[in-house]
There are 2 protein chains.
Amino acid sequence: MSEITIKYLAQKLNLATSTVSRALNDSHEISETTKRKVTELAKALNFQPNAYAKGLRQQKTKTIGIIVPDRVNPFFNLVIEGAESICRANGYSLIAYNSYEDVEQEKKIVYGLLGGKVDAVIMSLADEEKEAQHLEWLRERNIPVIFFDRVAQHLEGFKFTTNDQESSYLGTKHLLEKGCKKVIYLGLSHTSSVGAARREGFIQAHQELGKALDPACLMEMGHNDKENQEILEKMFFKLTRPDGVLAAAEKLGLAAYRALIKTRIKVPDQVRVVSFTNMQMADLLNPPLSTIAQPAFDMGSACALELIKGLKDKKVDLSEEKRIIIPSVFTPRESSR
Amino acid sequence: MSEITIKYLAQKLNLATSTVSRALNDSHEISETTKRKVTELAKALNFQPNAYAKGLRQQKTKTIGIIVPDRVNPFFNLVIEGAESICRANGYSLIAYNSYEDVEQEKKIVYGLLGGKVDAVIMSLADEEKEAQHLEWLRERNIPVIFFDRVAQHLEGFKFTTNDQESSYLGTKHLLEKGCKKVIYLGLSHTSSVGAARREGFIQAHQELGKALDPACLMEMGHNDKENQEILEKMFFKLTRPDGVLAAAEKLGLAAYRALIKTRIKVPDQVRVVSFTNMQMADLLNPPLSTIAQPAFDMGSACALELIKGLKDKKVDLSEEKRIIIPSVFTPRESSR
DNA sequence: TAAAAATTCGGAAACGATTGCACAGGAAAA
DNA sequence: TTTTCCTGTGCAATCGTTTCCGAATTTTTA
């Protein structure tokens, strides 16, 4: 590894390692002249303090971990990006972990983090319902955890979410007002707080507009894209097909689009579509897709900001319950005209 | 941080820390009975060895760093994903850094890495032309570096690329054979090896098919999406507009699509389009986009695999020049019919 | 001018894990 | 019985940094 250490600098300059260390950290008890000598040599030799020695000694690492269920998903990808920008601006590093929607994998990651790799953790859970024992371990080890989107239901803490129910309500209302008689709701998991809220908004819209709602219209899909698409194709093929779709996840919106193309059903003439999604090119789809976009980047930066504030300021208790809501943006386009 | 240490386990069991350490590492010089006792207690208390103490002592961290110019870009995102999957399977962690297409930022990241944060680095450069002094620092500190896509031109090493020239050649030939009279090439930087190769393939196709090529058709675009789109809109508005577009980057393909929609020019009737891209939904665009997809995931996993092999096997010299080519996939769709 | 205080620096002990070496105790060989 | 060897364990050094505690020198104060 690095051969240039503080010890090396010290003997080059005939100083003690403690002096060099203090000089590099701009301590007040070191004279300006020695400070200058030290920093100059350090710069010349491109000295970089060993992160592990530092972390070991100070018991903090200046890094934050973020665990998401699906890194490739543009939503989570943008959250990571937002968090990273704030971390970077504050001298923190960010390590991103992917739980692949799997609680066991998530546990492994969390247990690995127990080894003091990070000072704090930002999480979106693989499953909110499951016991949160692995998360409590983090708390016990004094590693703060805050949540976004899929937040813990059995653990208190800072929780960043978006106005899922309201957004879903608005999207559904939009479809109904455009004249849809039978709108189906495509959800991934109604046990998640996000799924439950979106589902609730969907139902709420029907109630407020006095529209009947067939329970069969609340569809729970799986994580397998191919299967989802086939199920939808079959449904669209029937004469009893719906004339509106509210997709509560990007992958479901895309599956619906593909199924509609396959069955040659016209959007929006025969079926109108609105989808939750963070894709950048909804306007380029065929036809342009009406979207409900979660404030991904902002959510990531808000999480990181609040977390770093909490790490700096001992008065902030990151383990107390606090909910922060950042609104989503509904953009109607051709697909629901 | 973590209060549960080896020392703590040792005194609980009336053993020396060395014994505990050896037991946990499954050393042959520890009896099965003590091993069992130790591992059981460790599991019960959920002991995790301190990563920083371990890293400091062993002078290796079991983590790999990856630096990309634009993490949000699906190509790089997928590369990271591919690399991560291999790392995870081999007990390595992966830390992803974003240089934001900025050499200075890249240098900062690299210098930060000098502090022994990682055992090795996978990189795609912000600028291949610039001096590679910061990369040589890594080599001097015995931190192997390998490259993908945008590889170093002034430094030897393992370099993973795709068949850029051939792919570009095929895409261009396809456009010309479909009857295009005037195809424009949209590139980001002809000084990069990737840009140069794609440009070369474009020219090669014209030569082999005996088509004249106006130098003005080789267009160098910038990184600003809005500006690019405006330039293209102006061009498409003229009567001398091209009837074919080969976009050498996803963002350029999208800019072209947006410009074509804005100017109400029909694809593929008036202008045919082929774009390098890794987006997942090219088939859903309006019209479905003909793509040249780089093998992003495979490239990431190949990098990680080779790197880890090199770290394990001292006989492999990761600093010697070696080029590995993973072919791209051309998928013609409606946009170039 | 002597004492007190401030400034500037060095020595050494941490942080938590690994590892070379020493050393018991028992088994095997002589 | 004595010697040799092996097995299982403990001691202590080490990785590179920070930081507590003094100590030496200079400056200020009485």
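Here the structure is a predicted model, which is why all the values come from computation and not from measurement. All values below come from the heavy atoms of this structure, side chains included, with hydrogens, waters and symmetry mates left out. Letters A, B, ... are given to chains in the order of the sequence lines, protein chains preceding strands, and every chain is numbered from 1.
Using a 4.0 Å cutoff on non-hydrogen atoms, no part of residues 30-39 of chain B comes near DNA chain C.
Distance CZ (B:R141) to P (D:dG16): 12 Å, rounded to an integer number of Å. Rounded to whole Å, the distance from CZ on B:F47 to P on C:dG16 is 11 Å. C:dA17 atom C1' lies 17 Å from atom CG of B:D26, rounded to whole Å. Atoms OH (A:Y52) and P (C:dT18) sit 14 Å apart, rounded to a whole Å. Rounded to an integer number of Å, the gap from NE2 of A:H28 to P of D:dT19 is 13 Å. In this structure, NZ of B:K7 is placed 9 Å from P of C:dA14, rounded to the nearest angstrom. Distance CG (B:L13) to P (D:dT9): 11 Å, rounded to an integer number of Å. The nearest whole Å value for the distance from the OH atom in B:Y8 to the C1' atom in C:dA17 is 18 Å.
Looking only at side-chain heavy atoms (C-beta outward), B:T161 and B:I325 come within less than 4.5 Å of each other. Side-chain contact check for A:V110 versus A:L138: some heavy-atom pair is nearer than 4.5 Å.
Minimum interatomic distance between A:M299 and A:F148 (heavy atoms only, all atoms of both residues): SD-CD1, 4.0 Å. Across all non-hydrogen atoms, the minimal contact from A:L318 to A:E306 is CD2-O, 4.2 Å.
Heavy-atom nearest nucleotides on DNA chain D were determined for A:K54 and for B:T17, and the one closer to the 5' end corresponds to B:T17.
With sequence neighbours excluded, the residues satisfying side-chain contact (heavy atoms from CB on, under 4.5 Å) with B:K12 are B:Y8, B:L41. A:D317 is linked by a side-chain contact (heavy atoms from CB on, under 4.5 Å) to A:S319, A:E320, counting only residues two or more places apart in sequence or in another chain. Under the ring-ring contact (aromatic ring centres under 6.0 Å, His included) criterion, B:F75 pairs with no residue at all, not counting sequence neighbours.
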Reading nucleotides 21-29 of chain D from the 5' end, what letters show protein touch, with B for base, S for backbone sugar-phosphate only, - for no heavy atom under 4.0 Å?
-> ---------
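Within the helix from C:dT1-D:dA30 to C:dA30-D:dT1, the inter-axis angle between the opening and closing five-pair segments is 50°, rounded to 10°.
For A:K108, the NZ atom is loosely surrounded, since the number of other residues' heavy atoms within 6.0 Å does not exceed 12. Within 6.0 Å of NZ on B:K62 lie more than 12 heavy atoms contributed by other residues, nucleotides or ligands.
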B:S193 vs B:E128, side chain to side chain donor-acceptor pair (under 3.5 Å): CA-CA, chis, key distance, verdict = CA-CA 8 Å; B:S193 59; B:E128 300 167 307; 2.5 Å; yes
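Panel note: side chain A:N90, backbone A:Y92; no donor-acceptor pair is recorded below 3.5 Å.
Between B:S21 and the phosphate of C:dT18, there is a side-chain N or O to OP1/OP2 separation shorter than 4.0 Å. Distances shown here put a side-chain N or O of B:Q59 below 4.0 Å from the OP1 or OP2 atom of D:dG16. Between B:N25 and the phosphate of C:dT18, there is a side-chain N or O to OP1/OP2 separation shorter than 4.0 Å.
Among the nucleotides D:dG10, D:dG16, C:dG16, the one closest to the side chain of B:S18 is D:dG10. Closest approach to the B:L56 side chain among C:dC9, C:dA17, D:dG16 is made by D:dG16 (side chain taken as heavy atoms from C-beta onward). The nucleotide whose nearest atom lies closest to any side-chain atom of A:L15 is, among C:dC9, C:dG16, C:dT18, C:dC9. The side chain of B:T19 approaches D:dT9 more closely than any other nucleotide in the set C:dT18, D:dT9, C:dA12.
Judged by distance alone, the side chains of B:Q294 and B:D149 do bring a donor and an acceptor atom under 3.5 Å apart.
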